[in-house]
Amino acid sequence: MKTVLIVDDEATLRRVLAKELGKVGYNVLTAENAAGGLAVLDAQDVPLVLLDLKLPDRSGLEVLPEIKARWPLTEVIMLTGHGSVATAIEAIRLGAYDYQQKPCDLDELEALLLKALERRRLALHADALTGGRDLEAIEWGASRGMAQIKSDLEKAAPTDAPVLIVGESGTGKELIARRVHALSRVADKPFVVVNCGAIPPSLVESTLFGHERGAFTGAEKRKLGLVEVADGGTLFLDELGELPPEVQVKLLRFLQSGEVLRVGALEPIQVTVRVVAATNVDIDRAVEEHAFREDLLYRLDTIRLKLPALRDRPGDVDRLVARFLRELEAKGRPPRRFSPEALDALRAYPWPGNVRELRAVTERLCILSEGPEVGVHEVQARLRGGSAAGGTMPLITIREAEERLVRLALERYPGDKPAAADVLGISLKTLYNKIKAFEISDQIASRKRTGSA
Ligand SMILES: Nc1ncnc2c1ncn2[C@@H]1O[C@H](COP(=O)(O)OP(=O)(O)OP(=O)(O)O)[C@@H](O)[C@H]1O
Ligand SMILES: [Mg+2]
């Protein structure tokens with residue numbers, strides 16, 4: 001029986017969809033908010049989720065990464081209202097399979113569900129588990145730092161040595177991790193991403209190692225952990241620095257013994273995985289501050305790839321832009337080029353969001369540009385803080401500038417942190433860290449838009 005979970009606060013929509021999908025053979029489960037939806041996913045294996053973008057307790061865009069982190073094989077289709085196509089596209093970037101505009105066209109929805117099921121079926125066969133996405137091309141640029149990484153990566157990938165990738169947000173850590181897997185001896189086996197920062201801390205252990213039936217209240221069925229799912233392939237521990245201390249001990253034990261103990265189990269299971277980890281926090285400092293176990297870092301840090309920030313390799317900006325322009329053109333967008341002065345301005349900008357931000361800015365400029373050539377004024381107007389080249393901008397510390405930008409983005413997108421993180425070119429997790437670091441009050445950080453729209 002095909003099971004689908006509908007998470008939407010509109011009772012009528014739930015009822016109608018449940019009835020219609022029931023007629024064509026679906027077992028339909030429903031929840032009226034995010035918390036309810038997560039509880040259902042926790043209790044049973046659900047292959048398909050229809051997720052409303054606007055839920056009463058959390059935004060769909062915020063729940064989506066948690067679902068994809070905890071149940072990577074569950075396919076999510078977003079349900080969107082009018083005029084939220086841009087957000088829906090963001091959702092696809094965050095791992096949603098597709099989106100459907102409300103009111104739903106039932107034939108279309110059914111076709112979509114079938115396609116999503118097919119993708120899941122393929123994903124269950126190891127080779128397609130490599131993240132679902134096609135391997136993105138890496139632009140290596142011409143800096144010494146990146147050349148070194150390329151050469152180290154090519155040597156390390158075919159061995160079984162653990163690889164630790166460090167670097168600021170948006171420098172390409174995940175891209176590099178996927179390349180390590182693609183060049184490894186286990187390239188045809190699963191590549192399983194564990195986003196340690198997107199899983200609620202209390203659930204990290206059971207997500208990683210699985211649990212037996214009845215291990216804790218709510219554990220109605222036995223569940224495989226992501227480590228077991230990755231057996232034979234690569235386990236990518238993303239945002240390693242976020243791993244809670246109790247789980248660090250358990251991970252260490254697994255790395256030493258190769259044995260997985262499901263929560264509540266008596267007998268361990270033998271699992272072999274190649275481990276690749278990534279973090280954008282200063283992991284050595286975390287060790288000094290006793291926030292991260294030294295013995296665990298030692299196990300993961302055989303080969304360290306340190307990705308340089310984009311501002312430290314401004315020479316690569318031109319090549320990256322050229323690559324992104326080619327990609328956009330290949331997607332059918334009208335051809336665009338940047339004037340030499342425009343490229344100068346891009347090179348001078350400090351790129352706090354690194355390559356991710358450059359990609360977003362390039363795409364934005366291409367869409368908004370009137371003619372085939374993007375000029376310097378357009379670039380300056382689109383870079384954050386207005387004029388990038390400096391000129392009359394008063395000098396402030398980077399930290400101060402960062403705080404201002406974070407506050408500005410939160411104000412501009414009230415109650416929509418994923419959107420705020422996106423314009424800043426940082427991950428949602430990083431945004432949360434910055435809100436904490438800058439001690440931005442909860443009222444500001446999660447203020448909802450008030451008054452009439
Ligand atoms: N060398 C590169 N060539 C082409 N695209 C790149 C390169 N580096 C990064 N990108 C692009 O930048 C974006 C961010 O990359 P990625 O997700 O790998 O960053 P990250 O380091 O994992 O960031 P975070 O710490 O925020 O998770 C992606 O769209 C990726 O394709
Ligand atoms: Mg990443």
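Read the numbers this way: they start at 1 and go in the same order the structure lists the ligands and their atoms. We count residues from 1, following the sequence as given.
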Among K173, R313, R93, which one has a heavy atom closest to atom 25 (O) of ligand 1?
K173
Atom 27 (O) of ligand 1: which of E174, R356, R323, R319 has the nearest heavy atom?
R356
Between K102 and D52, does at least one N-O distance fall below 4.0 Å, as a salt bridge requires?
yes
Give yes or no for whether the N/O distance cutoff of 3.5 Å, strictly under, is met between D238 and ligand 1.
no
Does any N or O in the side chain of W351 come within less than 3.5 Å of the main-chain N or O of L346, such that one atom is a donor and the other an acceptor?
yes
Steps toward side-chain hydrogen bond (donor to acceptor under 3.5 Å, both in side chains) verdict (E168, N354):
CA-CA 8 Å; E168 288 179 14; N354 292 294; 3.0 Å; yes
Going by the order shown, which atoms of ligand 1 are within less than 4.0 Å of some heavy atom of I138?
1 (N), 3 (N)
If you measure every N/O of M146 against every N/O of ligand 1, is any gap under 3.5 Å?
no
At less than 4.0 angstrom from any non-hydrogen atom of S427, what atoms of ligand 1 do you find?
26 (O)
Is it true that G167 lies under 4.0 Å from ligand 1, counting heavy atoms only?
no
Below 4.0 angstrom, N of the basic side chain to O of the carboxylate: do E327 and K331 qualify?
no
Heavy-atom contact check, 4.0 Å cutoff: does T430 meet ligand 1?
no
Regarding E62 and K417, does a basic nitrogen lie under 4.0 Å from an acidic carboxylate oxygen?
no
Partner of D231 under side chain to side chain contact (heavy atoms under 4.5 Å, CB included), chosen from V192, V260, T272:
T272
Which pair of non-hydrogen atoms, one from L307 and one from T171, has the smallest distance, and what is that distance?
CD1-O, 3.5 Å
Please identify which atoms of ligand 1 are closer than 4.0 Å to at least one heavy atom of E139.
1 (N), 2 (C), 3 (N), 4 (C)
Enumerate the atoms of ligand 1 whose separation from the nearest heavy atom of N280 is less than 4.0 angstrom.
25 (O)
Looking at E228 and R262, is there a salt bridge between them, counting it only when a charged N and a carboxylate O are closer than 4.0 Å?
yes
Whether A137 lies under 4.0 Å from ligand 1, heavy atom
yes
Checking the N or O distance criterion of under 3.5 Å, is ligand 1 in contact with S169?
yes
Quick test of your reading of the model: are R58 and E66 salt-bridged, counting only N-O distances below 4.0 Å?
yes
Counting only nitrogen or oxygen atoms and a 3.5 angstrom limit, does L320 reach ligand 1?
no
Where does R359 meet ligand 1, judged by heavy-atom distances below 4.0 Å: at the side chain, the backbone, both, or neither?
side chain
